[in-house]
Amino acid sequence: MTVELDGAGVTVSDVVAVARGGEQVRLSDAAMERMAASRSVVERLSEGEPAYGISTGFGALANTVVPADRRAVLQQSLIRSHAAGMGPPVEAEAVRAMMFLRARTLALGASGARPQVAEGLVRLLNAGVVPAVPEHGSLGASGDLAPLAHAALVLIGEGEVLAGGGGTTAAAAALAQAGFEPLEPLELAAKEGLALTNGTDGILGTLCLAVHDAGRLMTVADIVASCSVEALLATDRAFAADLVALRPHPGQQASAANLRAVLDDSPIVASHRVDDDRVQDAYSIRCTPQVHGAARDTLDFVAAATDRELGSAIDNPMVLPDGRVESCGNFHGAPVALAADYLAIAAAEVGAIAERRIDRLLDAGRSHGLPPFLADDPGVDSGLMIGQYTAAALCAENRRLAAPASVDSLPTSAMQEDHVSMGWGAARKLRRVIANLRRILAVEWVAAARGIELRAPLQPAAGTAAAVGLLRTRVPGPGPDRWLSPELAAAEEMLMDEALVPAVEAATGPLV
């Protein structure tokens with residue numbers, strides 16, 4: 001498919017399709033017309049009184065007027081000087097998301113860049129040329145200045161691009177191999193260097209990918225928790241619809257509905273409905289829909305903020321339809337920085353409660369009849385003991401990463417940019433939290449599946465049986481100790497491939 005870029009109307013799914021799926025992009029005719037119209041405004045202004053970024057320097061140099069014959073050099077210099085990042089390159093999908101979203105803003109026609117500039121970004125995307133963007137450098141202040149500058153550098157035939165094997169290569173050589181005409185003669189004109197760098201696209205692109213992944217993992221978390229309910233001989237009565245309706249948070253309702261669907265008609269759960277001396281289950285079981293549900297509600301808030309940003313014009317100054325060019329603060333990353341921090345906290349909590357269920361599954365004193373550490377021959381075998389260590393380490397890292405970046409402003413640019421969002425850092429650590437959550441859930445899936453099978457001859461529900469069955473296509477069941485790391489990695493890969501939810505839905509019907 002081809003994703004048409006008209007500026008407005010871009011969705012998280014579009015970002016994922018281009019960034020991760022490699023879908024082609026084209027600019028709509030309407031977008032080309034809007035960009036041409038806004039460009040004509042900039043060209044008229046460049047002959048008049050000083051305008052920020054068109055005939056002046058940047059940041060603390062905003063009051064420095066640049067002569068007309070030096071303004072093309074000004075734009076090239078901006079790109080070169082702002083491409084000042086350090087550290088390893090960020091992932092190709094995050095860079096592609098950023099480039100796609102920068103082209104989206106330009107397509108709105110409020111930046112004053114010529115259509116050729118947005119077309120250049122689209123050509124890079126369609127050719128699979130990915131600029132090398134270092135990890136460190138953005139404060140999310142005037143947007144993601146350094147990351148966007150590294151991407152823009154490739155547009156003028158400079159800088160580096162990602163190459164096979166995790167390395168980089170010179171952009172000029174990569175562009176020639178991709179069949180591009182030389183881009184150096186197409187010098188950036190007034191305002192265009194600024195238009196390429198003054199946006200939240202790096203933060204937003206990474207946030208879009210995280211929103212997509214977190215949405216999938218919320219359902220995964222409910223499925224895996226259902227497996228733990230069975231393995232621990234816990235009850236499903238705490239998830240009853242009338243009971244959870246007494247606290248009508250929508251996320252809680254959704255999570256509880258999933259738990260009921262996956263555990264429906266479970267022979268294991270039915271086996272201990274009577275003559276069980278337990279009055280209630282531990283919080284990590286009984287409060288699953290409350291914790292998972294709160295995370296779902298957080299995700300809904302973050303997704304709404306993301307959607308609003310996807311419809312926003314992010315630049316400075318802005319070129320307005322009436323011909324004004326006005327400075328503003330639309331580039332500030334606070335709306336997406338706070339959202340990224342909030343989602344990181346929620347995802348860390350989902351991982352924290354999952355780690356507690358894993359620990360309970362492995363503790364013979366609390367697992368109600370399961371062998372210590374789910375080992376085949378406890379003492380000789382350690383079973384999944386160290387798998388829980390790994391989950392605990394990931395959980396601990398998520399707690400550190402959940403500390404908000406957005407409250408840690410540092411002034412820059414000689415105090416002109418005296419409050420910054422730290423949104424890039426918030427988005428980057430959110431990406432790690434989501435990856436860690438996936439790994440924690442993979443460990444719980446492996447442990448809960450083994451626990452269910454050790455309950456034989458009792459049989460699981462259709463939904464949990466489907467979850468165990470899928471895992472067994474790549475991960476063996478209970479038995480003597482073996483190299484555990486590849487099995488945990490295989491479970492993680494299946495969650496990355498988004499195979500679990502469809503497999504369970506084939507048995508249960510749609511989940512939410």
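Note that these values count all heavy atoms, side chains included, but never hydrogens, waters or copies made by symmetry.
- Here Asp341 pairs with Lys429 in a salt bridge; the nearest charged N to carboxylate O distance falls below 4.0 Å.
- Remark: the backbone N or O of Met35 is paired with a side-chain donor or acceptor of Ser38 at under 3.5 angstrom.
- Asp222 places none of its side-chain heavy atoms less than 4.5 Å from the side chain of Leu511.
- Here the straight-line distance linking atom CD of Glu417 with atom NE2 of His332 works out to 9.5 Å at 0.5 Å rounding.
- If you take CG on Asp418 and CD on Gln416, they are separated by 7.5 Å, rounding to the nearest 0.5 Å.
- Note: Met218 CE to Leu441 CG = 9.5 Å, rounded to the nearest 0.5 Å.
- Between Val90 and Pro147 the shortest side-chain heavy-atom distance does not fall below 4.5 Å.
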So Arg216 and Val501, side chain to side chain contact (heavy atoms under 4.5 Å, CB included) or not? Walk me through it.
-> CA-CA 8 Å; Arg216 302 304 188 270; Val501 174; over 6 Å; no
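- Distance alone, capped at 3.5 Å, is enough to place a donor-acceptor pair between the Ser421 side chain and the Gly423 backbone.
- Summarising the local packing, CD of Glu309 is surrounded by more than 12 heavy atoms from other residues, nucleotides or ligands at distances under 6.0 Å.
- Environment of CE in Met86: sparse, with no more than 12 heavy atoms of neighbouring residues, nucleotides or ligands closer than 6.0 Å.
- Between Asp6 and Arg34 the shortest side-chain heavy-atom distance falls below 4.5 Å.
- Within the model, atoms CD of Gln116 and CZ of Arg123 stand 11.0 Å from one another, a figure rounded to the nearest 0.5 Å.
- The two atoms that bring Ala405 and Ala426 nearest to each other are CB-N, 3.8 Å, heavy atoms only.
- With hydrogens and angles disregarded, no donor-acceptor distance shorter than 3.5 Å links the side chain of Trp424 to the backbone of Gly333.
- Under the 4.5 Å side-chain criterion, counting only non-hydrogen atoms from C-beta, Met32 is in contact with Glu119.
- Thr219 places a side-chain N or O within 3.5 Å of a backbone atom of Val512 that can act as its donor or acceptor partner.
- Taking the side chain as every heavy atom from C-beta outward, Val325 and Met318 never approach each other to under 4.5 Å.
- Side-chain atoms of Gln253 come within 3.5 Å of backbone atoms of Arg247 as a donor-acceptor pair (strictly under, hydrogens ignored).
- Interatomic distance, Ile156 CD1 to Leu175 CG, rounded to the nearest 0.5 Å: 11.0 Å.
- Nearest heavy-atom pair, Leu500 versus Trp445, reported as atom, atom and distance to 0.1 Å: CD1-CZ2, 3.7 Å.
- A donor-acceptor pair under 3.5 Å links the side-chain atoms of Glu192 to the main chain of Arg114, judged by distance alone.
- Closest heavy-atom contact between Arg296 and Ala254: NH1-CB, 4.0 Å.
- The closest side-chain donor-acceptor pair between Asp14 and Thr11 falls under 3.5 angstrom.
- Side-chain contact check for Asn436 and Arg439: at least one donor-acceptor pair (N or O, by modelled atom type) lies under 3.5 Å.
- The CD atom of Glu397 sits 7.0 Å away from the CG atom of Leu394 when rounded to the nearest 0.5 Å.
- Put simply, the side chain of Pro89 does not reach to within 4.5 Å of the side chain of Glu160, judged on heavy atoms.
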Can you check salt bridge (Lys or Arg N to Asp or Glu O under 4.0 Å) on Arg96 and Glu23, steps first, answer last?
-> CA-CA 11 Å; Arg96 286 180 57 83; Glu23 298 294 351; over 6 Å; no
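- Minimum interatomic distance between Leu162 and Thr168 (heavy atoms only, all atoms of both residues): CD2-CG2, 4.3 Å.
- You'll find the side chain of Asp307 reaches within 4.5 Å of the side chain of Leu310, heavy atoms only.
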Under the side chain to side chain contact (heavy atoms under 4.5 Å, CB included) criterion, do Thr206 and Leu430 qualify, and how do the steps go?
-> CA-CA 9 Å; Thr206 300; Leu430 169 61; over 6 Å; no
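- The two atoms that bring Ala103 and Leu121 nearest to each other are N-CD1, 3.8 Å, heavy atoms only.
- Here the side chain of Thr105 pairs no donor or acceptor atom with the backbone of Arg102 at under 3.5 angstrom.
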Decide yes or no on side chain to side chain contact (heavy atoms under 4.5 Å, CB included) for Val350 and His292, but give the supporting numbers first.
-> CA-CA 6 Å; Val350 176; His292 289 192; 4.2 Å; yes
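- We find that Arg20 and Glu93 are joined by a salt bridge, their nearest charged nitrogen and carboxylate oxygen being less than 4.0 Å apart.
- Between Lys191 and Asp315, at least one side-chain nitrogen of the basic residue sits less than 4.0 Å from a carboxylate oxygen of the acidic one, meeting the salt-bridge criterion.
- When every heavy atom of Ala354 is checked against every heavy atom of Ile440, the shortest pair comes out as CB-CG2, 3.9 Å.
- No donor-acceptor pair closer than 3.5 Å links the side chain of Asp144 to the backbone N or O of Ser138.
- Checked by atom type and distance alone, the side chain of Thr508 never pairs as donor or acceptor with a backbone atom of Ala261 at under 3.5 Å.
- In this structure the side chain of Phe100 reaches within 4.5 angstrom of the side chain of Leu5, judged on heavy atoms.
- A donor-acceptor pair under 3.5 Å is absent between the side-chain atoms of Ser255 and the main chain of Gln252, judged by distance alone.
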Should Glu91 and Leu209 be marked as a side chain to side chain contact (heavy atoms under 4.5 Å, CB included) after you check the CA-CA gap, both sets of side-chain angles, and the distance that decides it?
-> CA-CA 12 Å; Glu91 306 82 7; Leu209 295 170; over 6 Å; no
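- With respect to Asp201, the side chain to side chain contact (heavy atoms under 4.5 Å, CB included) criterion is satisfied by exactly one of Leu148, Ile314, Leu196, Val336: Leu148.
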